[in-house]
Amino acid sequence: MRAEVIPYERDPRWTSHGPAPDLVEELRGRARTAGLMTPHIRAGVHLSHRGTALVLRAAGLSPLGPVALNVSAPDEGNMFLLGRVASPEQKKQFLEPLVSGRSRSAFFMTEPAADGGAGSDPSMMQTTAEPDGEHWVINGRKAFITGAVGAAVGIVMAKSEAGATMFLVSLPDPAVRIERVLDTIDGSMAGGHSVVHLDNLRVHRSQMLGDSGEGFRYAQVRLAPARLTHCMRWHGACARAQEIAVDYAVKRHAFGKPLIDHEGVGFMLADNRIELTQAALMIDWCADVLDSGAQGTLESSMTKAAVSEALFRIADRCVQVMGGTGVSGDTIVEKVFREIRAFRIYDGPTEVHKWSLAKAIKREALSKGAR
Ligand SMILES: Cc1cc2nc3c(=O)[nH]c(=O)nc-3n(C[C@H](O)[C@H](O)[C@H](O)COP(=O)(O)OP(=O)(O)OC[C@H]3O[C@@H](n4cnc5c(N)ncnc54)[C@H](O)[C@@H]3O)c2cc1C
């Protein structure tokens, strides 16, 4: 990361809509040369979640690291899902090119709020899938679809008669029209985040992922580990922000001494160290739960809520410790702060995770006979 990727952080091809395709190619070329392409899947075998945590926290040291090593969202989660649910033929067609790092993918679930579509509540899904002979015909609009621009593989969630269903789609397809790429606070994910119109998209029935009506169950298979890998990557980024803030506070003087010797600053950096350690431990705990074979829905919810909020506080303190430099583009700290702000929303806003947890707490209490 430090020798090969971090120097690219000043490359003008890193735009507000993510790293441009030729930058992604160049970074991946370097990863390949170093033998580090898709390092969490070796010879078709996925590392344990605990092992993945080590690799992804290191990859996250630069916001460009995950895309360079092919462990970025949404590809990493999509590869995990396809590894679990896809048929052997689907794996050959859709998973292999992803694992090789030669193509990118997108996950189409969220729909525009203005249409009243699926967001925090996926059951509000409006996109439909109707059978037509050997095909399904999909119609709807999707929003915030990360990486839709430039993706070769799409996983589209739509409502069939049996319920939410996932379909694999080869992209580009004229029936999958990018309406616009949104301007968002973050900017590290290749292709940015798009509003997409699915207009009579025809998908052969062999490209249904798993069974009809099982979409929400498969989404859970993807979501628990995908939430956790976001925590891993952004933990790496905040660890780097902390290094930069510490360096600043040790070198910069005010009122006759280094900033770090002022208690107000020292305490912020100490709080950061404490919360980084707590976050790492919680990530490892949740990884162990998933490695035990459990689905880890609640554990990953708790971890995502706690870690995203802690990382936001950490990134904010790093900005504060660095004064004006902290909000400037002179270091990566400002970008990390913006990335983490978005992380508190995607893969479930904090409030939704807490709400799910509260429902579970109530269920437990009632099952124990509480009134
Ligand atoms: C950068 C980014 C990338 C994304 N990438 C993708 C992608 O690739 N594919 C995809 O399908 N989606 C993607 N999303 C969408 C993301 O998953 C949704 O934004 C998220 O699920 C929230 O949905 P919403 O934006 O419609 O918010 P809404 O559903 O409108 O919710 C707004 C707010 O209401 C509150 N809220 C909602 N429900 C509850 C509750 N039960 N209790 C308390 N408060 C509640 C929360 O504070 C929430 O933030 C992405 C989003 C972002 C920001």
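Keep in mind that what you see is a predicted model, and the values were worked out from it rather than measured. Numbering of ligands and ligand atoms starts at 1, following listing order.
An N or O contact shorter than 3.5 Å is missing between A118 and ligand 1 by distance. Residue G348 places no N or O, backbone or side chain, under 3.5 Å from any N or O of ligand 1. Distances between N or O atoms of M109 and those of ligand 1 include at least one value under 3.5 Å. Below 3.5 Å of separation, one finds an N or O of E351 facing an N or O of ligand 1. For a threshold of 3.5 Å applied to N or O pairs, the pair formed by D121 and ligand 1 contains no separation below that value.
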*Between H353 and L298, does a side-chain contact (heavy atoms from CB on, under 4.5 Å) hold up when you go through it step by step?*
CA-CA 8 Å; H353 289 299; L298 280 183; over 6 Å; no
*May I have the step-by-step check of salt bridge (Lys or Arg N to Asp or Glu O under 4.0 Å) for E214 and R217, ending in yes or no?*
CA-CA 5 Å; E214 295 290 330; R217 192 166 65 78; 2.6 Å; yes
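R344 has its side chain out of reach of P349: every pair of non-hydrogen atoms, C-beta onward, lies at least 4.5 Å apart.
Short contacts between ligand 1 and T146, defined as distances under 4.0 Å to a heavy atom of the residue, involve ligand atoms 3 (C), 4 (C), 5 (N), 6 (C), 7 (C), 8 (O). Heavy-atom contacts of V352 reach the following atoms of ligand 1: 37 (C), 38 (N), 39 (C) (cutoff under 4.0 Å).
In this structure, a donor-acceptor pair under 3.5 Å is present between the side chains of E111 and T127. At a cut-off of 3.5 Å, with distance as the only test, no side-chain donor of N139 or T128 sits close to an acceptor on the other residue. S356 and S301 share no donor-acceptor pair across their side chains, judged by distance under 3.5 Å alone.
Remark: distances from the non-hydrogen atoms of T184 to ligand 1 are all 4.0 Å or more.
Two rings, from F312 and F337, have their centers less than 6.0 Å apart. Proximity of the aromatic rings of F167 and W136 is defined here by a centroid distance below 6.0 angstrom, and this criterion is met.
There is no protein heavy atom less than 4.0 angstrom from atom 33 (C) of ligand 1. Of the protein's heavy atoms, none falls inside 4.0 Å of atom 25 (O) of ligand 1.
Contacts of P349 with ligand 1, taken as heavy-atom pairs under 4.0 Å, involve the side chain alone. Residue contacts with ligand 1, taken as heavy atom pairs separated by less than 4.0 Å, involve H193 solely via side-chain atoms from C-beta onward. With a 4.0 Å heavy-atom cut-off, ligand 1 is reached by the backbone of F144 and by its side chain too.
The closest heavy-atom contact to atom 19 (O) of ligand 1, among the options I345, I185, L182, V196, comes from I345.
Side-chain atoms of Q90 come within 3.5 Å of backbone N or O of S87 as a donor-acceptor pair.
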